[in-house]
Amino acid sequence: MAPLTLGGLVCSMALGAVAFVSPGCASAQEAARWSEAIVEQDDAVFASAQMRAVADNVVLHQSAAGGWPKNTNLADPPAGPASPNVANTIDNNGTTLPMEFLARVISAGSAQYRPSFERGLDYLLAAQYANGGWPQFYPLRGGYYDHVTFNDNAMIHVMTLLRDISGGEAPYGFVDADRRRRAGEAVERGLALILRTQIRQGDALTAWCAQYDGSLHPAWARAYEPPSLSGAESVGIVRFLMAIDHPSPEVIAAVEGAATWLSVSAIEGARVETFTDAEGQRDRRVVDDANAPPIWARFYELETNRPLFLGRDSAFHYTFAEIERERRAGYNYYGDWARTVLDRFPAWRARVGATQGR
C-alpha cells in the first residue's frame with residue numbers, strides 16, 4: 001500500500017514496526033512494507049528520526065560479507081543472525097535497494113550509516129566476475145545461483161547503482177573518489193559483457209537470455225526458466241543502454257537490434273485474463289481480442305523465436321494452456337514489458353543520430 005500524501009507531501013507511513021507522521025500533515029495511518037517505494041520520498045523525509053530508525057534496522061540485516069537478503073522486511077529488526085541461505089544476493093532488490101535507501105539517509109545528514117553503505121559497495125565490487133557479470137548470490141552457492149543473472153533485472157539494478165555512484169549523482173555525492181572510480185570500471189566491464197552476450201541469429205542482433213553460465217552460454221535457472229530469448233529481461237537491458245549519454249557504435253547497434261527483435265516479437269490480438277475456474281481456483285488464460293495492445297512472452301525459443309511455456313516438469317510447450325494451472329496463475333509468462341521502450345525508441349534514435357535501418 002502506498003504512503004498517504006497530501007499535496008505531494010508524505011503524511012503517514014508505517015515501515016514494519018516504525019510509523020511516522022510528517023510535520024504539517026493530519027494524523028493518518030497507512031501501512032507500507034519494505035519495497036522500492038521506500039526510496040521514492042521527498043528528500044526531507046530522510047532526515048527524520050523515523051527514517052534513521054529504519055536505517056538502524058537495515059544495518060542490522062547486513063551480512064558479514066556486506067550484502068543483504070531478498071524478500072525481507074528490512075524496516076523491522078532481524079529475528080536473528082542473517083542466514084547464509086538468504087543473505088548476500090542482488091536478486092529481488094537485495095543489496096541494491098538497501099544501499100539506495102542508506103544513501104538517501106546519509107545524504108540527508110546521517111553520516112553514521114556511511115560505513116554500512118561502503119561495505120555494501122565493496123561487496124558489489126568484489127562480487128563481479130572477471131567477465132563483467134554478477135552472480136545472483138555471492139559468495140557463490142553453486143547451481144544456477146552462480147550464473148550471470150539478468151533475471152528480474154538483478155544485474156541491471158547493480159549496474160544502474162554503480163553508474164550513478166561513479167558519476168557522483170545524487171544521493172551518492174559522499175562516495176570517495178577511489179570507490180567512484182572502481183564503480184565506473186565495473187560498469188564498463190558489465191557493459192562489455194552485455195554487448196558480448198546479446199544473442200545473434202545469423203547476422204542479426206536480437207535479445208538476451210535471463211542468465212548465462214560460466215562460458216557465457218544461455219543457461220537454465222529454475223525448472224520453468226529455460227535458455228531462451230527473454231521478452232522481459234531484455235527490456236531492462238535496453239533501457240540501460242538507451243540511458244548512455246554518448247553511446248558507442250556497438251551500443252547503438254545493440255539497441256537497434258534489440259528494438260527490431262522486440263518489434264517483430266510482439267504478440268498482437270490477444271490478452272491474458274484472470275478468472276476463477278469451476279473449482280474456485282484462480283487461473284489465467286489467453287483470449288482473442290483484436291483491440292488489445294501488444295504483449296510479449298517471457299520466453300522465446302532460441303532457434304525459432306516461438307513463444308515458449310514450461311511448467312515445473314521443464315517440458316517445452318508452445319501454448320499457454322498446456323502448462324499446469326499453478327504455474328499459469330503463479331508466474332508472469334506474458335507482459336507488456338517492451339511497450340515503453342519501443343515508444344521511446346524513435347526519440348532515442350534521433351538523439352544519438354542513428355541512421356541504421358530498423
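Note: hydrogens, waters and symmetry copies are ignored here, and every other heavy atom, side chains too, is used. Just so it is clear, the structure is predicted and the values come from calculations on it, not from any experiment.
Among residues at least two apart or in separate chains, salt bridge (charged side-chain N to carboxylate O under 4.0 Å, His left out) pairs with a member in residues 316-327 are R312-E326. Screening residues 228-244 for side chain to side chain donor-acceptor pair (under 3.5 Å), with sequence neighbours left out, gives S230-E233, E233-R298, R239-T340. Every pair passing salt bridge (charged side-chain N to carboxylate O under 4.0 Å, His left out) that includes a residue from residues 58-70 is listed here, sequence neighbours excluded: K70-D91. Here salt bridge (charged side-chain N to carboxylate O under 4.0 Å, His left out) pairs that include residues 122-140, with residues two or more places apart or in two chains, are D122-R179, D122-R182. Each side chain to side chain donor-acceptor pair (under 3.5 Å) pair with one or both residues in residues 190-211, not counting sequence neighbours, appears once here: Q201-N305.
Residue H147 comes nearest to A219 through the heavy atom pair NE2-CB, 3.6 Å, listed as atom of the first residue, atom of the second, then distance. Closest approach of D43 to A108, counting heavy atoms only: O-CB, 4.3 Å. Nearest heavy-atom pair, Q128 versus G190, reported as atom, atom and distance to 0.1 Å: NE2-N, 3.7 Å. Across all non-hydrogen atoms, the minimal contact from A223 to W220 is O-CZ3, 3.2 Å.
Residues passing the side-chain contact (heavy atoms from CB on, under 4.5 Å) test with T274 are R282, R284, sequence neighbours excluded. Taking D343 as the reference, R339 meet the side-chain contact (heavy atoms from CB on, under 4.5 Å) condition, with sequence neighbours excluded. In this structure, the ring-ring contact (aromatic ring centres under 6.0 Å, His included) partners of Y224, at least two apart in sequence or on a different chain, are Y331. The side-chain hydrogen bond (donor to acceptor under 3.5 Å, both in side chains) check on E301 picks up T304, Y318, with sequence neighbours excluded. Residues passing the side-chain contact (heavy atoms from CB on, under 4.5 Å) test with H217 are D213, S215, sequence neighbours excluded. Remark: S265 pairs with W261, W296, Y300 by the side-chain contact (heavy atoms from CB on, under 4.5 Å) rule, at least two apart or across chains. When the ring-ring contact (aromatic ring centres under 6.0 Å, His included) test is applied to F309, the partners found at least two apart in sequence or on another chain are F320, Y334.
Under the 4.5 Å side-chain criterion, counting only non-hydrogen atoms from C-beta, W68 is in contact with S116. Side-chain contact check for R271 versus V286: every heavy-atom pair is 4.5 Å or farther apart. Two residues are said to be in side-chain contact when any heavy atoms from C-beta on lie closer than 4.5 Å; I38 and M51 meet this criterion.
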T276 vs Q281, side chain to side chain contact (heavy atoms under 4.5 Å, CB included): CA-CA, chis, key distance, verdict:
CA-CA 5 Å; T276 301; Q281 295 181 305; over 6 Å; no
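Inspection of the Y113 and D56 side chains reveals an N or O donor paired with an N or O acceptor under 3.5 Å.
The environment of E279 atom CD is sparse: at most 12 non-hydrogen atoms of other residues, nucleotides or ligands sit within 6.0 angstrom. Other residues, nucleotides and ligands place more than 12 heavy atoms under 6.0 Å from the CG atom of D178.
Not one N or O on the side chain of E100 forms a donor-acceptor pair closer than 3.5 Å with the backbone of L161. Here the side chain of T95 pairs no donor or acceptor atom with the backbone of G67 at under 3.5 angstrom.
Note that R104 lies outside the cation-pi zone of F101, set by a 6.0 Å cut-off to the ring centre and a 45° limit from the axis.
Connection of L193 to L205 is not established within any shared hydrophobic cluster, with ILVMFWY side chains joined at heavy-atom distances below 4.5 Å, either directly or through further cluster members.
Put simply, the residue from N153, N71, N151 that forms a side-chain hydrogen bond (donor to acceptor under 3.5 Å, both in side chains) with N92 is N71.
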